[in-house]
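Below is one structure; the comments refer to it alone.
Labels below follow one simple rule: chain letters A, B, ... track the order of the sequence lines, proteins then strands, and each chain is numbered from 1.
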2 protein chains.
Amino acid sequence: MKKIDLPENVTADDVAAEAGVSRWTVNRAFKKAASISPATRDKVMAAAQSLGYVPDLRAAALASDRSNLVALLVDDFANPHKLVMMERLTRALRSRGWDTLLVNTLDRDDAGSAMLNASQRRVDATILIGIQFDDEVLKAAHKARRFKKLIIFARTSENPNTISIAVDDQAATREIARYVMERGYKNPLYLAGPRTVSAHLLRKETFLEFWKNHTGHVPGSIGVDAYDPILASDIIRQTLAGYQGQERPDIIVCENDALALGTIDSIRHHLHLRVPEDIAVIGFDDVPQADSPNYRLTTYRQPLTAMANYLVDVLESADTSDMDRTFMGSLVVRESA
Amino acid sequence: MKKIDLPENVTADDVAAEAGVSRWTVNRAFKKAASISPATRDKVMAAAQSLGYVPDLRAAALASDRSNLVALLVDDFANPHKLVMMERLTRALRSRGWDTLLVNTLDRDDAGSAMLNASQRRVDATILIGIQFDDEVLKAAHKARRFKKLIIFARTSENPNTISIAVDDQAATREIARYVMERGYKNPLYLAGPRTVSAHLLRKETFLEFWKNHTGHVPGSIGVDAYDPILASDIIRQTLAGYQGQERPDIIVCENDALALGTIDSIRHHLHLRVPEDIAVIGFDDVPQADSPNYRLTTYRQPLTAMANYLVDVLESADTSDMDRTFMGSLVVRESA
DNA sequence: ACGATTTTTGCACGCGCGTGCAAAAATATG
DNA sequence: CATATTTTTGCACGCGCGTGCAAAAATCGT
């Protein structure tokens, strides 16, 4: 048994020599479902332990053409909900053996190059939790196709080459609209986020249509370029400054919580009005702050954990077709509306 | 020139054949600093483009033993500052050619296994932006040593095997303490985060010592187990309920903004007092919400972009010794104190 | 135009592990 | 105890690219 001084770069061969077996047996010991006797496995593991051996996943990925790695493309770090999604996703992924490559989509036109980045690592799938990607990008991604799956998380997509895992936006929005109506609000204003293909404006359209069908008139609506509380705050100040008593909206329905939080801040601190007595606010996502005593935001909660787990199911499934799926969330009623 | 129908898995060999050069010339064309004539490079790139070739970074990493990949270990997603740090870090890293593996440290005892995870991918460095790791973990990490560098970001560490990139906590805290004193506050209460080796309680100790040296008495202090606004909110409610008029703190100095925001919420909505008139609050980090009209939090801003860029410098430098560095930030005075 | 110098190109070998199959060992069967 | 069956182990080849060196081509000087 030779002993070398420098213990750097221990490979399966070294462990094999130490344990007195072949290299392949060593590899088997590290595989979950492998035919190996418990005795040898223990022997191998002991040797590995003593040498500090850890399998090299680069080589494994290269040899097997399966990396157990996914790329997570994020383009909008101003939205606190992103942090929640990242936590839930990485938790589900890691606890089931997947690693995550975090790719910051630096600016509006960077999505394509971000995907290229991911493809160079030969990830098994790319997950989009951002919003600023359009059909061009999706098409390019599909063409390059160095990753087998393109998953759009928490957004509905009609693109046939993607797998979309999201809440049922229409059902959710109808539930919100119904609640707004039943609580007796008469003059809602809808605050929407950026208009992109992926977002599809499904929520806004659904809300406006519902309201029109039930009351006969179409509510007003405004929009911002990003899901950023600051932008929401600014546009609310500007928009509401123009209204006089009667015409002023009695509730602002926001496409998500990031906008809702900015809206509440603006109502209170710029317009010096009360929430919900003067103007109510309703959001979407149920970010952690929504529950803080300061906001007590009425909002719609997505079942993120279930969605994340389903995402891993998708990763682990062999076939690609018909994987889209929508989930039902629930309205969380607090005091803002 | 042969043509194959299935364009899957295009390798450098395919491009070489298409361009009429050797495989090695193809690889050179994709390297920044390589001796290759512009003419051949163009020819190769055109061929690569037409075949949809993208270099395989797994193989490159395997062959060169350099992955251009770092692991980012995050253990505390409740702190909104994490989102900001992640954005700044991934931006700096990606724009300089580095990819990021996001590893969610699932629970308190998971740091070791998270590092193992990273080491299996043979990352070039591991970056810790969490707090729940202690000397045991660092020792284990140093022993395993499958990554060359262990960087602690935004936290001071005395461990000789790590590289710490952080704001000068003592100088920063002294600046805060001096400000508190000059503004005439008499009875501060310090709210600290979890006690770990990495955190080192440097801020708390510095503040208490400064105050003692200048006024003769030691301020009260309390602590929570995580940098979570909810926890801060709870403990503030409990603690302040016990005080009567005179003894009540006139300012609460928080170890970071996550705690400060929860503190403000609690003061206003649980104790029904005003900030800063009844109790002032001061934070650390300058998270985006600190600037919202609702909080207007006086806090200390870390130069995150400079720190992130320095981190990449460290990654790209060959030697390992004496890389620790502290940065100076600046006090951002708003209305909360 | 010829040799000296510089730039550009080609190549053998190895990085560490997976895969599928065949040989060997262990166990079961009559 | 001999043979059939099952479990366990060993191995050749390949995954796609880097590295360092030597050969070939291009450039320069006079």
Please list, pair by pair, any protein nitrogen or oxygen found under 3.5 Å from a nitrogen or oxygen in nucleotides 24-26 of chain D.
none

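At distances below 3.5 Å, not a single donor-acceptor pair connects side-chain atoms of A/Asp124 with backbone N or O atoms of A/Val70.
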Using a 4.0 Å cut-off on protein heavy atoms (strictly under), produce a 5'-to-3' string for nucleotides 10-20 of chain D with B for base contact, S for backbone-only sugar-phosphate contact, and - for none.
BBB-BBBBBB-
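When the ring pair (Phe, Tyr, Trp, His ring centres under 6.0 Å) test is applied to A/Phe77, no partner is found at least two apart in sequence or on another chain. Judged as a side-chain contact (heavy atoms from CB on, under 4.5 Å), and not counting sequence neighbours, B/Asp42 has no contacts. A search for side-chain contact (heavy atoms from CB on, under 4.5 Å) contacts involving A/Ala60 returns nothing, not counting sequence neighbours. With sequence neighbours left out, the side-chain contact (heavy atoms from CB on, under 4.5 Å) criterion links A/Ala61 to A/Ser67, B/Arg58. With sequence neighbours left out, the side-chain contact (heavy atoms from CB on, under 4.5 Å) criterion links A/Ser50 to A/Glu18. Evaluation of the salt bridge (charged side-chain N to carboxylate O under 4.0 Å, His left out) rule for B/Asp99 yields A/Arg121 as partners, not counting sequence neighbours. For A/Arg325, the salt bridge (charged side-chain N to carboxylate O under 4.0 Å, His left out) test picks out no residue, with sequence neighbours left out.
Across the protein-nucleic acid pair, A/Arg41 atom CZ and D/dT7 atom P stand 16 Å apart, rounded to whole Å.
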